[in-house]
Amino acid sequence: MSEVRVAGVGLTPFGSHPERTGRDLFAEAALRAFEDAAVARSDVEELNYGNFMGSLAEHQGHQAPLMAEAAGVRCPATRYESACASAGVAVREAVRTVAAGDADVVLAGGMERMTNLPTDEVTEGLAIAADDLFEVRSGVTFPGAYALMANAYFDAYGGTREDLAHVASKNHANAVPNEYAQYRKEVSVDEAMDAPPVAEPLHLYDACPITDGASALVLVSEEYAAERDLDAPVAVTGTGQGTDRMALGDRDSLARTPAADDAADAAYADADIGADAVDVAEVHDCFTIAEVLALESLGLFEPGEGIAAAREGVTTADGDLPVNLSGGLKAKGHPVGATGGSQIAELTRLLRGDHPNSDHVPDAEVGVAHNAGGTVASAVVHVLEVAE
């Protein structure tokens with residue numbers, strides 16, 4: 001098995017870009033990744049591309065060969081779809097391909113373009129990641145679904161809206177210096193508390209925005225990096241994936257996310273580390289309660305303890321375990337097909353020391369990324385480590 005190195009990362013600014021096409025966005029992210037990696041496009045052996053709703057938002061299916069052309073690569077190209085975990089799955093398969101010795105260079109990432117659609121059409125498009133027969137036709141939306149999960153968590157373990165407001169405030173503060181973030185503005189706990197409700201107990205600042213953007217990673221084998229003397233000090237040492245029942249009504253508990261439990265267990269076992277080794281994390285906070293659930297599934301907090309982590313300062317930028325130093329989905333933005341790749345890119349920059357928030361984790365050696373699809377019916381976890 002070969003160690004998988006992150007040779008280069010590329011992102012577009014996340015935000016509202018209705019005038020740009022998806023292929024334009026991915027081309028920009030890929031260009032940045034190749035420049036960062038100093039790897040020739042001609043060396044790329046596979047493209048793994050994540051996208052969720054391009055067939056709806058851009059009336060464009062069969063996007064993988066289109067994105068290979070946009071990225072300037074000529075190789076087998078595959079589109080991966082796993083709702084909001086699409087890019088996470090694309091990256092996982094790229095890691096497995098390189099680790100198995102089946103390729104030395106893989107381009108992985110994703111793209112989503114949504115702001116060209118009215119909000120109601122975006123909401124309808126995103127809803128197809130839920131169970132159509134038993135949820136969507138009954139009027140369930142993702143804000144409503146996560147509100148059910150938040151209330152179930154409060155019933156099981158305690159917690160308040162103010163605890164969630166601390167998560168929102170923390171992540172907005174982290175986004176301020178991030179040049180790729182959609183919302184580079186601070187939001188106080190009081191502002192989050194006073195925001196209008198979306199689905200109780202979730203209010204406006206508990207929800208991530210509608211976002212356009214793309215991410216790209218150049219993943220290479222350790223041998224390829226050594227032969228070309230590449231500056232690639234970060235390795236993906238662990239990867240795991242999990243699945244749960246789609247409909248919330250079919251689950252044993254709404255206060256836990258077993259798909260993420262399984263993904264985390266597999267990723268830690270693959271990396272041969274425990275949760276106690278993690279120095280920094282990027283987790284899927286599509287809603288503030290999702291960050292809490294992620295922290296507990298990752299084993300960073302015991303069940304019921306994640307709710308107080310932001311309020312107590314443990315997961316803030318200056319805390320013992322900074323979480324979402326990018327701003328998270330909450331403030332950096334959530335172009336759903338790109339998010340899993342973006343998390344890896346942000347962690348790589350943090351561990352390399354060239355992220356605007358790297359000063360908060362100057363000695364970090366281990367990072368973990370958690371990417372979820374739907375109401376965590378799908379989950380992907382990656383472990384990154386400083387290899388040299």
Just wondering, do [Y] and [X] contact through their side chains at under 4.5 Å, heavy atoms?
| X | Y | value |
| --- | --- | --- |
| T288 | E291 | no |
| R251 | T375 | yes |
| M114 | L126 | yes |
| R41 | L31 | yes |
| V136 | I128 | no |
| D318 | H360 | yes |
| V95 | L219 | yes |
| S215 | L11 | yes |

Okay, side chain of [X], backbone of [Y]: is any donor-acceptor separation there less than 3.5 Å?
| X | Y | value |
| --- | --- | --- |
| N371 | V380 | no |
| K170 | N324 | no |
| D163 | T160 | yes |
| H172 | K185 | yes |
| E112 | G337 | yes |
| H284 | A372 | yes |
| D270 | A266 | no |
| D285 | K330 | yes |
| T315 | P322 | no |
| E223 | S2 | no |

Go through the structure and list residues passing ring-ring contact (aromatic ring centres under 6.0 Å, His included) with F287, not counting sequence neighbours.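 Only Y146 meet the ring-ring contact (aromatic ring centres under 6.0 Å, His included) criterion with F287.
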Set of ring-ring contact (aromatic ring centres under 6.0 Å, His included) partners for F34, sequence neighbours left out: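 F34 satisfies ring-ring contact (aromatic ring centres under 6.0 Å, His included) with no other residue.
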Please determine whether the number of non-hydrogen atoms from other residues, nucleotides or ligands lying under 6.0 Å from atom OH of Y183 exceeds 12.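 At most 12 heavy atoms, drawn from other residues, nucleotides or ligands, come within 6.0 Å of this atom.
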Mark yes when over 12 heavy atoms from residues, nucleotides or ligands other than D320 sit less than 6.0 Å from its CG; otherwise mark no.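 No, not enclosed.
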Out of the candidates V105, V73, V218, L107, only one should pair with D43 under the side-chain contact (heavy atoms from CB on, under 4.5 Å) rule; please name it.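 Answer after filtering V105, V73, V218, L107: V105.
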Can you name the one residue among C208, P335, S342 that meets side-chain contact (heavy atoms from CB on, under 4.5 Å) with L329?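 Testing each of C208, P335, S342 against L329, the sole residue satisfying side-chain contact (heavy atoms from CB on, under 4.5 Å) is C208.
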What distance do [X] atom [atom1] and [Y] atom [atom2] have between them, rounded to the nearest 0.5 Å?
| X | Y | atom1 | atom2 | result |
| --- | --- | --- | --- | --- |
| S169 | E162 | OG | CD | 10.5 Å |
| N151 | L254 | CG | CG | 10.0 Å |
| E3 | E222 | CD | CD | 4.5 Å |
| L325 | D359 | CG | CG | 11.0 Å |
| D279 | E385 | CG | CD | 9.5 Å |
| S86 | N48 | OG | CG | 12.5 Å |

Just grab all the side-chain hydrogen bond (donor to acceptor under 3.5 Å, both in side chains) pairs involving residues 118-131, residues at least two apart or on different chains.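 The answer is none; no pair qualifies.
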Only distances under 3.5 Å count here; give the side-chain donor-acceptor pairs of residues 343-353 to other protein atoms, sequence neighbours excluded, each with its distance to 0.1 Å.
from	atom 1	to	atom 2	distance (Å)
Q343	NE2	H370	O	2.9
E346	OE1	R349	NH2	2.9
E346	OE1	H355	NE2	2.7
E346	OE2	N178	ND2	2.9
E346	OE2	K332	NZ	2.7
T348	OG1	I344	O	2.8
R349	NH1	E179	OE2	3.1
R349	NH2	N178	OD1	3.4
R349	NH2	H355	NE2	3.4
R352	NE	D354	OD2	2.9
R352	NH1	D36	OD2	2.9
R352	NH2	D36	OD2	3.3
R352	NH2	D354	OD1	3.2

Do you know the tightest heavy-atom contact between [X] and [Y]?
| X | Y | value |
| --- | --- | --- |
| L47 | A64 | CD2-O, 3.8 Å |
| T115 | S16 | OG1-OG, 3.4 Å |
| A331 | A181 | O-CB, 4.2 Å |
| E186 | E191 | O-OE1, 4.0 Å |
| A225 | V220 | CB-CG2, 4.0 Å |

Do any side-chain atoms of residues 20-29 form donor-acceptor pairs under 3.5 angstrom with protein atoms, and if so which ones, sequence neighbours left out?
from	atom 1	to	atom 2	distance (Å)
R20	NE	D24	OD2	2.7
R20	NH1	E28	OE1	2.8
R20	NH2	D24	OD2	3.2
R20	NH2	E28	OE1	2.7
T21	OG1	D24	N	3.2
E28	OE2	R32	NE	3.2
E28	OE2	R32	NH2	2.9

Side chain to side chain contact (heavy atoms under 4.5 Å, CB included) with [X]: which residues, sequence neighbours excluded?
| X | value |
| --- | --- |
| D194 | none |
| P65 | H62 |
| E312 | A308, V314 |

What salt bridge (Lys or Arg N to Asp or Glu O under 4.0 Å) pairs are there with at least one residue in residues 369-382, not counting sequence neighbours?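 Counting only pairs at least two positions apart or across chains, no salt bridge (Lys or Arg N to Asp or Glu O under 4.0 Å) contact touches residues 369-382.
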Running the 4.5 Å side-chain criterion over Ile, Leu, Val, Met, Phe, Trp and Tyr, what cluster does V189 land in, apart from itself?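 Cluster partners of V189: M193.
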Could you list the cluster mates of L204? Members are the ILVMFWY residues connected by side-chain heavy atoms closer than 4.5 Å, either directly or through other members.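 Answer for L204: none, a lone residue.
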Using the rule that two of Ile, Leu, Val, Met, Phe, Trp, Tyr join whenever any of their side-chain heavy atoms come within less than 4.5 Å, decide whether Y268 and L293 are in one cluster.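 Y268 does not cluster with L293.
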Can you get from F14 to V9 by hopping between Ile, Leu, Val, Met, Phe, Trp and Tyr side chains that sit under 4.5 Å apart?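 Shared cluster, no.
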Derivation and outcome, side-chain hydrogen bond (donor to acceptor under 3.5 Å, both in side chains), residues H334 and T211: CA-CA 5 Å; H334 182 29; T211 311; over 6 Å; no
Does the side chain of Y49 pick up a donor-acceptor pair with the side chain of Q63 at under 3.5 Å?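 Short answer, yes.
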Would you say E296 and Y157 are linked by a side-chain donor-acceptor pair, where the criterion is simply a distance under 3.5 Å?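 No, because no side-chain N or O of Y157 sits under 3.5 Å from a partner of the opposite role on E296.
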Listed pairs under 3.5 Å, donor-acceptor, residues 298-306 side chains, sequence neighbours left out:
none

